[in-house]
Amino acid sequence: MTLRVNDLKVYYQTLRGDVHALDGVTFDLADGEIMGLAGESGCGKTTLGKSLIRLDSRMRHIGGTIELDGKDVPIADEKAMVPLRYHEISLIPQYAMSALNPTRKIGRMINDLLRARGVRPADIADELKRRLELVGLDTDVLDRFPIELSGGMKQRVVMVMSTLLNPSLLIADEVTSALDVSTQRAVAESLVEFRDREYIKSMVFVTHDISLVYQMADTIMVMYAGHIVEKASASTIVNAPRHPYTQMLISALPEVGSTTEQGRLEGIPGTPPGLLNPPTGCRFKDRCPLAFAKCAERPPLVEIEPGHWAACWKTG
Amino acid sequence: MWRYIGRKLFVYLLTFVIAVTINWMIPRFMPGDPVRSMLSRASVGNPEALQRMNEYYTGVFGLDTPLHEQYLSFWANLFRGDLGVSVMLYPQPVLDIILRAVPFTLGLLLPSIILSWIVGNRIGAFAARKKLLDNTILPVGYILTAMPYMWLALLLAWSLGIVAGVLPTAGGYSPSLRVEFSWLFISSLLTHWVLPFLSMFVVALGGWAIGMRNMIIYELEADYSNYLQALGAPTRLIRRYAFRNAMLPQITGLAVQLGTVLSGALLTEIVFNYPGLGTLILQALNNRDFFVLQGTFLFVVVGVLIANFIIDIVYVLVDPRTRVQMTGGAA
């Protein structure tokens, strides 16, 4: 088991109170697993991604544990986290386009970072070049400034840079959102390739693009309002979802070849609850067509069949 | 690159021509006749003598020709380095008078601008580190920038010069000394230089520190800083990047501020009676010496233009983004 997250709670501190962005999240990630993390904006998927590597100044660790390769990840302890970062856990950020220092040549920035993390750049220079070529970049990008590269090129540079030390866990946060469809595909394929070549052991791929994650991920985990609602293999989530939220989310996606004559796409009526004072019980109950009295209690995440977890009283 | 410099040079040349033209126009279209006011001071009673003196001086200063000829001959003289003859120190050429004052102004301006910029940036970057530092340095910075140059100059002159009596408060060097290359003369130059330098240095310091502090805080929130932090890079590296990137707007700020700094310097010189261009301007104004005034303004304009041009070039060297835009760059 690579990653084991147990009842993780991370809140945002605001002037009006705590925002319960992650409220008791439990899941496992196996060696070699690519897990797509899907959900609407504000459901806590980015918060979860961040919580695995670095809490920002407004985020507070309330409870729960994270374990990586059998070792505890001391997420609340900024100092103790430093040795793990980059070496064990790495990140491709949402803002990969602007993640590079605009006034440093890319090669120099990578060397600066490596040296700062106690790695001699010379030891890794050949590997760096090999990987740049693998993602389809010329090695002379190292002599260029970020502004000389296109968005997709920057994205791939950050991809190579983030995985250079073969981390155990890679968090890819919305890495494809800003790219066009063909580049999205290339990026997704490179990430799978990285896993296959064991540059990374496992990956959490945060996205709201279920069709993309369906093609590349082994499993998909769906979140709603700070809770996990369902986790299963990618094909199960897309073809046979059990949780009513997942079902409605999947049915809100267009299918290739569908026309308007076959019926309009339905969205999910209503809006997600505010997380400043979240409702008790199942957080989806106000929008759920199947809701009944028992939904006032929080449904536990249970394994309804091997490898398929769902948190709903109707499925369990 | 060269095309960029060429284009810049052209713009600066155009600015120069316009500035010189305005410079030439102002005294000529201003109400009042310099020759007459000069003669009135001489208080000549005889109207015939007055008439002849008027004609003589008008001829000397070239005011009897049509305006466009005056304009052209002004340019021609300019290229020969002839800025005319001073009225107040007649018959000294204006150029000699100005060249005597320029070293004093430059000696005051360059160190105070450059040092305050460097030290202010350091202090600002330092302030951005800790809340406690920030809370003390920031208000001090605001007070310093809000201070008028001449007020601080007066304060310094009064406290260090008159009350403490450690430094001289007027002049460029002790009047009892001859201008020569000796220790005595140089030390006298230095002690006279300290107070005007200090008043300009201190005022400018606050502004740079505040600007730098804000920029550093902004850069530390930038995406690349967050990324590096997530990858566990030490604060030292992130700060180094932030400092370098925060410098860029400060360089632009320097270019924008030059004019203000210069006018501040002129006032400071007047307070300390420092024999630079500022004091010269005041004397020329008091004596209605338009030729000296015109020549001094010309020097100031040229100085600001040259400084701005240098900063433009420096900016291109330190910021790769401007370089890419110039060469077209690979999109």
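Sequence lines set the chain letters: A, B, ... in the order given, protein chains first and strands last, and positions in each chain run from 1. Keep in mind that the numbers below use all heavy atoms, side chains included, and drop hydrogens, waters and symmetry copies. Just so we're clear, the structure is a prediction, and the values are computed from it rather than from any experiment.
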key: Heavy-atom pair count under 4.5 Å with chain B, highest-scoring of A:V158, A:I89, A:I171   = A:V158
task = Could you please spell out the steps behind the side-chain hydrogen bond (donor to acceptor under 3.5 Å, both in side chains) verdict for A:Y12 and A:T47?
result = CA-CA 9 Å; A:Y12 283 96; A:T47 309; 3.1 Å; yes
task = Answer yes when A:R130 and A:E133 have at least one side-chain N-carboxylate O distance shorter than 4.0 Å, and no when they do not.
result = no
query = Which is it for A:E78 and A:R85 under the salt bridge (charged side-chain N to carboxylate O under 4.0 Å, His left out) test, yes or no, and what are the steps along the way?
reply = CA-CA 10 Å; A:E78 178 66 27; A:R85 289 184 188 137; 3.1 Å; yes
message = Using 30° and 60° as the class boundaries, would you call the ring planes of B:F104 and B:Y274 parallel, tilted or perpendicular?
response = perpendicular
task = Report the option among A:S90, A:P102, A:P93 that has the most heavy-atom pairs separated by less than 4.5 Å from atoms of chain B.
result = A:P102
query = Heavy-atom count around B:Y12 OH within 6.0 Å, excluding the residue itself: above 12?
reply = yes
task = Answer with side chain, backbone, both or neither: which region of A:M81 has an atom nearer than 4.5 Å to a non-hydrogen atom of chain B?
result = neither
ask   = Within the distance-only criterion (no hydrogens, no angle test), does the side chain of A:R156 pair as donor or acceptor with the backbone N or O of A:G152 below 3.5 angstrom?
value = yes
task = Sort by residue number and list every member of residues 52-67 of chain A having a non-hydrogen atom under 4.5 Å from chain B.
result = A:I53, A:R54
task = Please check if the side chain of B:T105 supplies one atom and the backbone of B:L277 the other of a donor-acceptor pair under 3.5 Å.
result = yes
inquiry  = Quick check for you: among A:L165, A:D112, A:L113, which has the greatest number of heavy-atom pairs under 4.5 Å with chain B?
reply    = A:D112
Max heavy-atom pair count under 4.5 Å with chain A, selected residue of B:S225, B:A233, B:P234, B:A230 = B:A230
message = Looking at every non-hydrogen atom in both residues, tell me the closest pair between B:T252 and B:Y315 and how far apart they are.
response = OG1-CE1, 3.4 Å
inquiry  = Whether A:D69 and A:K201 form a salt bridge (side-chain N of Lys/Arg under 4.0 Å from carboxylate O of Asp/Glu) is what I want to check.
reply    = yes
query = Is there a donor-acceptor contact under 3.5 Å from the side chain of A:E33 to the main chain of A:S202?
reply = no
note = Looking only at A:L100, A:N101, A:L84, most heavy-atom pairs under 4.5 Å shared with chain B are made by A:N101
ask   = Of the backbone (N, CA, C, O) and the side chain (C-beta and beyond), which part of A:M161 lies under 4.5 Å from a heavy atom of chain B, both, or neither?
value = both
inquiry  = Quick check on B:R240 against chain A: is it the side chain, the backbone, both or neither that has a heavy atom closer than 4.5 Å?
reply    = side chain
query = Which bit of B:E219 comes within less than 4.5 Å of chain A, counting heavy atoms only: side chain, backbone, both or neither?
reply = neither
task = Name the member of A:M109, A:K50, A:Q94 that forms the most heavy-atom pairs with chain B at distances under 4.5 Å.
result = A:M109
query = Quick one: do B:K8 and B:D312 make a salt bridge, cutoff under 4.0 Å?
reply = yes
remark   = Most heavy-atom pairs under 4.5 Å with chain A, out of B:N245, B:L228, B:L231, belong to B:L231
